[in-house]
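Here is the structure we will look at, set down as structure tokens.
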Amino acid sequence: MTHYETLLTQREGGVATVTINRPKVLNALSQQVIEELHRVLDDQSFTRDLRVMILAGAGEKSFVAGADIAAMRGLTPHEAAEFARLGQSLSLRLEASPFITIAKVQGFALGGGCELAMSCDIVIAAEKALFGQPEVDLGLIPGFGGTQRLARRVGLPLALEVLCGGRKLNGREAQQLGLVSQVTTAEDLDAYVQNLVKNICKAAPRAVAETKRLARSSMEQPLVHGLAAEASSFATCFAGSEALEGLSAFLEKRPARFTTSE
Ligand code: DAK
């Protein structure tokens with residue numbers, strides 16, 4: 001398995017866990033972290049037949065407390081543009097990936113940490129998680145998609161309160177407002193994520209990947225176009241083996257056995 005300096009990676013069956021491992025700086029995102037996350041996605045032997053990728057932060061205090069402030073202080077505009085390109089392409093790759101990405105958030109998810117969580121398909125948080133976008137206090141604007149994704153998730157007025165007014169959301173508030181799909185106690189966080197992962201892995205791989213693709217594209221296109229794409233993809237289900245297996249298993253009262261690639 002490839003070695004990373006800022007990440008811990010683990011692969012068990014169809015499930016990968018990628019942990020940002022800089023607990024002394026609350027897992028702040030340096031350029032190296034973002035480059036290494038790209039390398040994880042580039043590593044085809046690691047991502048082959050992957051069903052779920054869990055993104056987490058090391059330690060109990062923080063998911064990610066933002067971009068690395070010390071490293072950003074010396075950036076030139078040219079380097080900042082490169083950093084932006086690297087970060088934004090990482091979010092787009094996570095969103096376009098055929099596997100489901102889950103952000104497991106305990107503690108701080110600030111700035112780039114909140115943005116990284118929003119790049120994931122599902123965000124599960126502990127009650128004491130804290131989401132926020134404090135970039136303007138540092139004389140910056142969010143550069144990792146925060147100005148674009150937060151309003152899409154929670155609506156413009158609240159997004160602007162978070163982005164410009166310093167409002168922080170705990171896990172429960174983040175759930176009520178649609179940023180997080182489930183909140184748990186700190187003790188129950190792992191168990192909840194594991195159960196969710198188990199359910200995703202039980203379902204048909206191609207159907208899950210296709211459902212993710214269609215649901216994600218619903219954010220970008222008119223309803224009629226999305227419905228047309230859904231109908232066409234629904235028809236395609238009947239050309240493959242997954243639907244035959246899933247429907248037969250139900251009728252034969254047995255668990256379905258899906259293979260990872262068709
Ligand atoms: N960067 C670097 N170090 C950080 C850090 C960060 N974001 N956050 C915390 N640390 C370090 C602290 O400096 C401290 O280091 P030592 O003093 O021990 O050497 C250590 O982590 C522990 O932090 P504290 O002592 O401050 O711990 P507290 O519990 O007292 O406070 C805190 C926790 C999270 C409230 C506080 O550390 C804090 O306010 N941190 C900064 C949070 C923040 O402002 N985050 C937003 C950063 S700006 C982009 C991608 C991303 C971004 C932009 C562009 N592109 C791809 C273009 C994002 C920008 C940001 O995220």
Side-chain angles (χ1 to χ4, degrees), residues 1-4 6-21 33-34 36-58 63-64 89-106 116-126 180-182 184 188-218 230 233-234 236-250 252-262:
M1 183 134 12
T2 314
H3 173 75
Y4 299 98
T6 67
L7 305 177
L8 300 172
T9 58
Q10 193 190 359
R11 172 90 199 242
E12 271 179 49
V15 184
T17 303
V18 177
T19 304
I20 297 163
N21 187 30
V33 174
I34 297 179
E36 291 194 343
L37 288 168
H38 273 287
R39 280 176 51 208
V40 168
L41 298 178
D42 290 338
D43 182 349
Q44 289 176 13
S45 65
F46 186 71
T47 59
R48 183 171 305 124
D49 293 334
L50 193 59
R51 307 292 315 279
V52 179
M53 180 180 282
I54 301 167
L55 277 176
F63 172 66
V64 168
S89 63
L90 175 67
S91 331
L92 292 172
R93 290 184 77 184
L94 289 170
E95 289 174 343
S97 65
F99 45 82
I100 299 289
T101 54
I102 300 176
K104 187 175 78 170
V105 178
Q106 80 296 10
L116 182 63
M118 285 192 288
S119 307
C120 292
D121 299 319
I122 300 174
V123 185
I124 309 294
V180 158
S181 69
Q182 181 65 36
T184 72
D188 291 343
L189 184 61
D190 279 338
Y192 187 91
V193 169
Q194 287 313 323
N195 193 49
L196 172 62
V197 164
K198 197 176 80 187
N199 289 335
I200 295 169
C201 290
K202 211 165 61 179
R206 192 194 148 276
V208 169
E210 193 57 5
T211 300
K212 166 174 168 169
R213 188 184 70 76
L214 290 162
R216 280 222 165 263
S217 68
S218 74
E230 184 186 81
S233 188
F234 181 74
T236 307
C237 291
F238 293 85
S241 63
E242 282 187 351
L244 183 60
E245 169 59 14
L247 298 169
S248 304
F250 178 84
E252 292 160 19
K253 302 190 187 305
R254 62 171 175 82
R257 288 180 297 269
F258 298 113
T259 52
T260 44
S261 38
E262 284 200 338

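The shortest distance between side-chain heavy atoms of Leu90 and Ser119 does not fall below 4.5 Å. Arg11 places a side-chain heavy atom less than 4.5 Å from the side chain of Leu50. A heavy-atom distance below 4.5 Å is not found between the side chains of Cys237 and Glu242. No side-chain heavy atom of Glu230 sits less than 4.5 Å from a side-chain heavy atom of Ser218. Between Tyr4 and Glu36 the shortest side-chain heavy-atom distance falls below 4.5 Å. Using a 4.5 Å heavy-atom cutoff, the side chains of Lys104 and Ile124 are not in contact. Proximity of Leu55 to Leu94: side-chain heavy atoms (C-beta onward) are separated by under 4.5 Å at one or more points. Proximity of Val105 to Val180: side-chain heavy atoms (C-beta onward) are nowhere separated by under 4.5 Å.
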Apply side chain to side chain contact (heavy atoms under 4.5 Å, CB included) to the pair Arg206 and Thr236, showing each step before the final yes or no. CA-CA 11 Å; Arg206 192 194 148 276; Thr236 307; 3.5 Å; yes

Candidate pair Thr2 and Arg39, rule side chain to side chain contact (heavy atoms under 4.5 Å, CB included), full reasoning: CA-CA 9 Å; Thr2 314; Arg39 280 176 51 208; 3.4 Å; yes

Kindly determine whether Leu247 and Phe238 satisfy side chain to side chain contact (heavy atoms under 4.5 Å, CB included), including the steps that lead there. CA-CA 11 Å; Leu247 298 169; Phe238 293 85; 4.2 Å; yes

Using the side chain to side chain contact (heavy atoms under 4.5 Å, CB included) rule, take Ser233 and Leu214 through it: C-alpha gap first, then chi angles, then the decisive distance, then the call. CA-CA 9 Å; Ser233 188; Leu214 290 162; 3.8 Å; yes

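We find the NE2-CG distance between His38 and Asp43 to be 14.5 Å, quoted to the nearest 0.5 Å. Interatomic distance, CD1 of Ile102 versus CD of Gln194, reported as 8.5 Å (0.5 Å rounding). In this structure, the separation between CD on Glu95 and OG on Ser217 is 12.0 Å, given to the nearest 0.5 Å. Remark: Ser181 OG to Tyr192 OH distance equals 6.0 Å, nearest 0.5 Å. A distance of 10.5 Å separates OG of Ser91 from CG of Leu37, quoted to the nearest 0.5 Å. Atoms OG1 and NE2, from Thr9 and His3 in turn, are 9.5 Å apart once rounded to the nearest 0.5 Å.
Minimum interatomic distance between Phe46 and Met53 (heavy atoms only, all atoms of both residues): CE2-CE, 4.4 Å. Nearest heavy atom pair, residue Ala249 against residue Ala256, reads CB-CA, 3.5 Å. The minimum heavy-atom distance between Pro98 and Ala209, with the atom names listed, is O-CB, 3.3 Å. For Ala203 against Phe258, the heavy-atom pair with the smallest separation is C-CD1, 3.9 Å.
We find that Asp42 and Arg93 are joined by a salt bridge, their nearest charged nitrogen and carboxylate oxygen being less than 4.0 Å apart.
Each of Leu116, Ile20, Val123 was scored for a side chain to side chain contact (heavy atoms under 4.5 Å, CB included) with Phe63, with one residue passing: Leu116. The side chain to side chain contact (heavy atoms under 4.5 Å, CB included) test with Thr101 is passed by exactly one of Val52, Val18, Asp121: Asp121.
In this structure, Glu252 places its CD atom where more than 12 heavy-atom neighbours from other residues, nucleotides or ligands lie under 6.0 Å away.
Side chains of Asn21 and Thr19: a donor-acceptor N/O pair is absent below 3.5 angstrom, by distance only.
In this structure Asp188 satisfies the side chain to side chain contact (heavy atoms under 4.5 Å, CB included) test together with Thr184, Thr185, sequence neighbours excluded. Residues satisfying the salt bridge (Lys or Arg N to Asp or Glu O under 4.0 Å) criterion with Glu210, sequence neighbours excluded, are Arg213. Listed by chain and residue number, Arg254 satisfy the salt bridge (Lys or Arg N to Asp or Glu O under 4.0 Å) test with Glu245 (two or more places apart in sequence, or in another chain).
No side-chain donor-acceptor contact under 3.5 Å links Arg51 to the backbone of Gly13.
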